[in-house]
Amino acid sequence: MGKEFKLPDLGEGIHEAQVVNVMIKEGDTVAADQMVMEVETDKAAVELPVPFAGVINKLNVKQGDTVKVGQVLLEVGGAGETSADKPAAKSAEAPAPKAASAPAAGVAKALMSQTVGGEGRSAPVHASTTAAPPAHAEGPIPAAPAVRKFARENGIDLRAVHGTGPAGRIVREDVERYMLAGPMGTGAPPAPARTAPTAQPVTPARGDAVPSVAAPSVGFEPLPDFSQWGPVRREKVAQIRKTIARQMQRAWTLPRVTHGDEADVTDLESFRKEHGSVMAEQGVKLTITAFMLKAVAGALRQYPSFNASYDDAAGEMIFKDYVHIGIAVDSPKGLMVPVLRDADRKGLMTISKEMKEIAEKARDFKLAIDDMRGGTFTVTNVGALGGTFATPMINYPEVAILGMGKLQEKPVVRDGQIVIRKMLPLFLSFDHRVIDGADAARFCRTIINFLENPLNLLLAS
């Protein structure tokens with residue numbers, strides 16, 4: 001019997017991936033550790049090497065498919081062996097229901113980006129759905145006290161939640177997913193879609209009522225049959241867009257407030273142009289974003305509540321004694337937030353150099369998964385695209401994000417005189433559960449003081 005090559009564990013928190021490139025076909029001979037396909041996970045592309053040599057007897061996936069950790073991608077046999085030569089081939093095909101029921105166990109392990117019902121043309125599943133039987137109908141519920149408290153506070157019956165932890169243990173993420181997408185279903189195995197194998201996410205037929213893929217959440221109404229008004233097209237949502245959608249839906253539940261202000265960066269711009277040539281000789285471009293990151297790092301040291309996370313289940317604040325600032329980057333494949341680590345310990349030249357490197361890696365889709373983890377605060381610059389104001393979404397589990405608008409020359413009053421100054425709009429979105437408006441104003445004013453006094457900024461730590 002051929003050896004099965006399954007989607008390996010790609011890192012903590014990675015439950016599924018999308019196949020973006022298949023480098024082999026059935027009948028090809030492969031060597032051990034040969035790259036056979038490329039998959040896209042949460043904002044990172046990964047090439048997969050097959051761990052053994054032989055002939056590709058069966059290829060179970062194609063470009064565009066979404067696969068879960070542990071799902072069989074292909075089968076490799078010895079030289080000259082084919083699927084027809086394997087005595088177990090017939091028995092492997094016979095128990096189709098068993099193969100189809102694999103998601104019942106696999107789904108409990110994988111974080112599905114979209115939940116569909118028991119049939120390939122199901123209506124959306126909401127948290128109030130009762131069609132799926134309880135996951136723990138009998139016996140004790142495997143969950144920690146903090147998870148039980150979180151579920152109780154949100155009115156969730158843990159017996160209806162599928163656990164993805166060791167031995168089916170329910171973790172907080174399982175409860176949060178249940179709140180967003182409803183029960184995952186453990187009844188009869190789903191019937192095959194019209195063109196996709198049962199192991200793949202079901203693509204509903206045209207015109208069927210389905211939940212929004214971009215934001216599978218409680219409260220979304222079924223979509224109408226758009227084809228009744230004209231031609232329509234359906235396209236699979238890229239893995240990165242699914243991840244962005246889930247994160248944005250999660251962030252939307254926070255009680256977010258946005259505070260706006262302006263910084264007079266006339267002197268900073270003169271300073272930047274005067275000293276930028278020195279850095280340019282070393283291949284580093286000194287940008288206003290680099291100054292902003294330095295200013296934010298200094299402010300975070302003065303206001304640690306902005307560099308923290310709120311543990312609602314435990315009723316505790318988690319203060320981080322490190323400053324890792326995420327930088328929102330507009331890449332061809334969607335929004336990415338690579339992290340500049342220890343920004344408070346680095347000078348402007350180092351910040352400028354590293355910021356350029358991670359931005360280029362993001363645009364080329366070459367970031368590693370760890371490059372986007374561990375951020376404590378995020379900075380976004382919509383001004384680069386001409387925006388003057390925005391209400392940025394907080395990058396949960398962070399508690400605040402600072403946006404920059406378009407730098408413009410404006411008439412302002414200085415010492416009773418109207419003068420032209422270069423003004424930079426700033427807008428700070430914060431989690432009002434843990435940060436008050438007065439603190440947000442003080443935090444912004446600290447950043448502005450750094451920007452309006454460049455020499456003080458160089459001393460920020």
Practice item. Carefully, step by step, assess Lys236 and Asp65 under the rule salt bridge (charged side-chain N to carboxylate O under 4.0 Å, His left out). Key: CA-CA 9 Å; Lys236 289 188 176 181; Asp65 285 349; 3.3 Å; yes

Point to revise | Sidechain-backbone polar pair: Glu26 side chain, Leu59 backbone, donor-acceptor under 3.5 Å | key: yes

Exercise for review: For the pair Glu357 (side chain) and Glu354 (backbone), establish whether a donor and an acceptor sit closer than 3.5 Å, ignoring hydrogens and angles.
Suggested key: no

Practice item. Check step by step if side chain to side chain donor-acceptor pair (under 3.5 Å) holds for Gln247 and Asn395. Key: CA-CA 8 Å; Gln247 182 69 358; Asn395 189 17; 3.1 Å; yes

**Study point:** Test side-chain contact (heavy atoms from CB on, under 4.5 Å) applied to Pro392 and Leu428, Thr380, Val379, the passing residue
**Key:** Thr380

Review point. What about Phe430 and Phe306, are their ring centers closer than 6.0 Å?
Key: no

Please report the closest heavy-atom contact between [X] and [Y], naming both atoms and the distance.
X: Ala362; Y: Val329; answer: CB-CG1, 3.9 Å
X: Ala390; Y: Thr258; answer: O-CG2, 4.0 Å
X: Pro304; Y: Phe319; answer: O-CD2, 3.6 Å

Could you check whether any side-chain heavy atom of [X] comes within less than 4.5 Å of a side-chain heavy atom of [Y], counting everything from C-beta outward?
X: Met372; Y: Leu367; value: yes
X: Val175; Y: Asn154; value: no
X: Thr66; Y: Lys242; value: yes

**Study point:** Crowding at CZ, Arg445 (>12 non-hydrogen neighbours, <6.0 Å)
**Key:** yes

Exercise for review: Take atom NZ of Lys353 as the centre, draw a 6.0 Å sphere, and report whether it contains more than 12 heavy atoms from other residues, nucleotides or ligands.
Suggested key: no

Check your understanding: Please walk me through it: do Asp264 and Lys422 pass salt bridge (charged side-chain N to carboxylate O under 4.0 Å, His left out)?
Key -> CA-CA 6 Å; Asp264 184 343; Lys422 294 181 178 179; over 6 Å; no

Point to revise | Pair Glu262-Lys406, salt bridge (charged side-chain N to carboxylate O under 4.0 Å, His left out): steps then yes or no | key: CA-CA 11 Å; Glu262 279 188 320; Lys406 181 180 179 181; over 6 Å; no

**Study point:** Derivation and outcome, salt bridge (charged side-chain N to carboxylate O under 4.0 Å, His left out), residues Arg233 and Glu235
**Key:** CA-CA 7 Å; Arg233 292 180 297 106; Glu235 295 181 0; 2.7 Å; yes

Hey, is [X] close enough to [Y] for a salt bridge, meaning N to O under 4.0 Å?
X: Arg159; Y: Asp157; value: no
X: Arg272; Y: Glu269; value: yes
X: Arg442; Y: Asp439; value: yes

Review point. Is it the case that Arg250 places NZ or CZ above or below the six-membered ring of Tyr396, under 6.0 angstrom from the centre and within 45 degrees of the axis?
Key: no

Practice item. Find the distance between CG (Leu74) and CG (Asp28) and round it off to the nearest 0.5 Å. Key: 11.0 Å

Practice item. Might you work through the side chain to side chain donor-acceptor pair (under 3.5 Å) test for Glu398 and Thr378, ending with a clear yes or no? Key: CA-CA 8 Å; Glu398 298 168 14; Thr378 299; 2.7 Å; yes

